[in-house]
Student: 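If you scroll down you'll find the structure; I have some questions about it.
For ligands, and for the atoms within them, numbers begin at 1 and follow the listed sequence. Values below: every heavy atom of this structure, side chains too, minus hydrogens, waters and symmetry copies.
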Amino acid sequence: MIGEDLQITIGKRHFVELLTQEAIQNRVSELAQGLHTQYRNLDPVFIVVLNGAFIFAADLLRASGLNCDIQFVKLSSYQGTTSTGIVQQILGVQIPLRGRHVVVVEDIVDTGRTMKYFGKLLENENPASIEFVTLLSKPDCHETVFESPYIGFEIPDKFVIGYGLDLDGKARNLPAIYQLAE
Ligand code: 5GP
């Protein structure tokens, strides 16, 4: 990986900066404040979706100052022979969610399939509420309605890396976000 501030090369792929470290940190602070205001008396459970959301979640939840539980899940989506995707929960939630205020922390909502099906799995646990926080959303790619007051940035339909998001395991530790150059 060759890194300059505004351009990154991984193998033969070139990426250009889309969101600066400063822009990300400012937005994460805003999201954290919003969460603090909404959840400060609700003892929420945050469910962090691995791997991509690990850096976002660390910054967000530290900045939120909330008294909360934090759990981790690993989800994998499979596209079957039908058009309906299913989501498998690999690392499951370790505590009961019944009656709890649940907030899912995701890196990026692309088609929205992962969040739609994970939301359905969570509903079966009878939580008091379910909310989604995502750093990034690609509205042009959504196959399903995805609404949340906690969307960090809406971005174009381009592959992005950095700040937790990877290309074949690389680039997750970049402090800014880069998009694939044409
Ligand atoms: P969805 O189910 O919304 O289509 O997919 C969401 C998942 O796809 C994200 O959690 C992420 O792992 C992956 N993904 C979607 N778009 C991108 C992207 O631009 N870059 C990276 N690195 N992963 C992406």
Side-chain angles (χ1 to χ4, degrees), residues 1-3 6-21 23-24 27-28 31 46-61 70-93 102-124 130-182:
M1 182 171 12
I2 305 164
L6 299 175
Q7 288 192 30
I8 295 284
T9 301
I10 303 176
K12 290 184 181 159
R13 294 210 174 85
H14 302 293
F15 292 83
V16 291
E17 192 176 58
L18 176 68
L19 298 166
T20 64
Q21 180 175 6
I24 295 167
R27 188 69 184 121
V28 169
L31 294 171
F46 286 90
I47 301 180
V48 180
V49 181
L50 296 173
N51 298 321
F54 81 112
I55 287 182
F56 173 47
D59 286 350
L60 180 76
L61 298 178
I70 303 177
Q71 296 279 306
F72 299 91
V73 290
K74 194 159 166 125
L75 305 173
S76 62
S77 344
Y78 294 95
Q79 191 63 29
T81 47
T82 65
S83 60
T84 356
I86 56 162
V87 170
Q88 263 200 352
Q89 207 182 149
I90 297 171
L91 266 177
V93 175
V102 172
V103 186
V104 180
V105 183
E106 175 64 303
D107 52 357
I108 182 165
V109 175
D110 184 357
T111 62
R113 218 179 282 142
T114 309
M115 285 306 94
K116 181 178 171 192
Y117 285 92
F118 188 50
K120 286 197 171 149
L121 286 179
L122 289 175
E123 276 170 21
N124 294 334
I130 304 174
E131 186 57 275
F132 296 91
V133 184
T134 184
L135 178 68
L136 304 173
S137 172
K138 291 181 183 170
D140 294 345
C141 303
H142 292 183
E143 291 176 1
T144 173
V145 178
F146 177 80
E147 284 173 344
S148 166
Y150 300 110
I151 296 172
F153 300 92
E154 294 196 329
I155 62 167
D157 177 15
K158 293 240 174 102
F159 188 79
V160 291
I161 57 168
Y163 198 68
L165 291 143
D166 74 316
L167 173 63
D168 296 335
K170 305 275 194 236
R172 291 195 199 275
N173 57 333
L174 296 172
I177 289 176
Y178 295 80
Q179 74 177 24
L180 191 59
E182 291 301 331

Student: Going by the atom numbers of ligand 1, which of them fall below 4.0 Å from some non-hydrogen atom of Lys158?
Tutor: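 Counting atoms of ligand 1 from 1, those under 4.0 Å from Lys158 are 19 (O).
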Student: Rounded to the nearest 0.5 Å, how far does CD of Gln21 lie from CD1 of Ile177?
Tutor: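 Reported value, rounded in 0.5 Å steps: 11.0 Å.
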Student: For ligand 1, which part of Met115 has a heavy atom less than 4.0 Å away: the side chain, the backbone, both, or neither?
Tutor: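 No part of Met115 is near ligand 1 at this cut-off.
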Student: Taking only residues two or more places apart in sequence or in another chain, which ones pass salt bridge (charged side-chain N to carboxylate O under 4.0 Å, His left out) with Asp140?
Tutor: none
Student: Only heavy atoms of Arg113, strictly under 4.0 Å: list the atoms of ligand 1 that pass.
Tutor: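 Listed by number with element: 2 (O), 3 (O).
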Student: Looking at Thr114, which atoms of ligand 1 are within less than 4.0 Å of one of its heavy atoms?
Tutor: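 In order of numbering, the contacting atoms are 1 (P), 2 (O), 5 (O), 6 (C).
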Student: Kindly say whether Ile8 contributes a backbone atom to a donor-acceptor pair with the side chain of Arg13 at under 3.5 angstrom?
Tutor: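 Absent.
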Student: Within a strict 4.5 Å, meaning less than it, do heavy atoms of the Leu167 and Phe159 side chains meet?
Tutor: yes
Student: By number and element, which atoms of ligand 1 are closer than 4.0 Å to a non-hydrogen atom of Lys138?
Tutor: 16 (N), 17 (C), 18 (C), 19 (O)
Student: Does Gly52 have a heavy atom less than 4.0 Å from any atom of ligand 1?
Tutor: no
Student: At the 4.0 Å heavy-atom cut-off, does His142 count as touching ligand 1?
Tutor: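 No, His142 has no heavy atoms under 4.0 Å from ligand 1.
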Student: Find all atoms of ligand 1 within a distance of less than 4.0 Å from any non-hydrogen atom belonging to Gly112, and give their numbers and elements.
Tutor: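 Answer for ligand 1: 1 (P), 3 (O), 4 (O).
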Student: Look at atom 9 (C) of ligand 1 and find which of Leu50, Thr144, Ile108 reaches it with the closest heavy atom.
Tutor: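 It is Ile108 whose heavy atom sits nearest to atom 9 (C) of ligand 1.
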Student: Using a strict cut-off of 4.0 Å, indicate which atoms of ligand 1 neighbour a heavy atom of Leu165.
Tutor: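 Ligand 1 atoms under the 4.0 Å threshold to Leu165: 21 (C), 22 (N), 23 (N).
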Student: Please enumerate all residues that pass side chain to side chain contact (heavy atoms under 4.5 Å, CB included) together with Phe54, with sequence neighbours excluded.
Tutor: Leu50, Arg172
Student: Look at ligand 1 and say whether Ile161 reaches it with a heavy atom at a distance under 4.0 Å.
Tutor: no
Student: Counting C-beta onward and ignoring hydrogens, is there a side-chain heavy-atom pair between Val49 and Met115 closer than 4.5 Å?
Tutor: yes
Student: Only heavy atoms of Glu106, strictly under 4.0 Å: list the atoms of ligand 1 that pass.
Tutor: 10 (O)
Student: Give the minimum heavy-atom separation between Val160 and Gln179, together with the two atoms involved.
Tutor: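 Heavy-atom minimum between the residues: CG1-CB, 3.8 Å.
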Student: For the residue pair Tyr163 and Asp59, what are the closest heavy atoms and their distance?
Tutor: OH-OD2, 2.6 Å
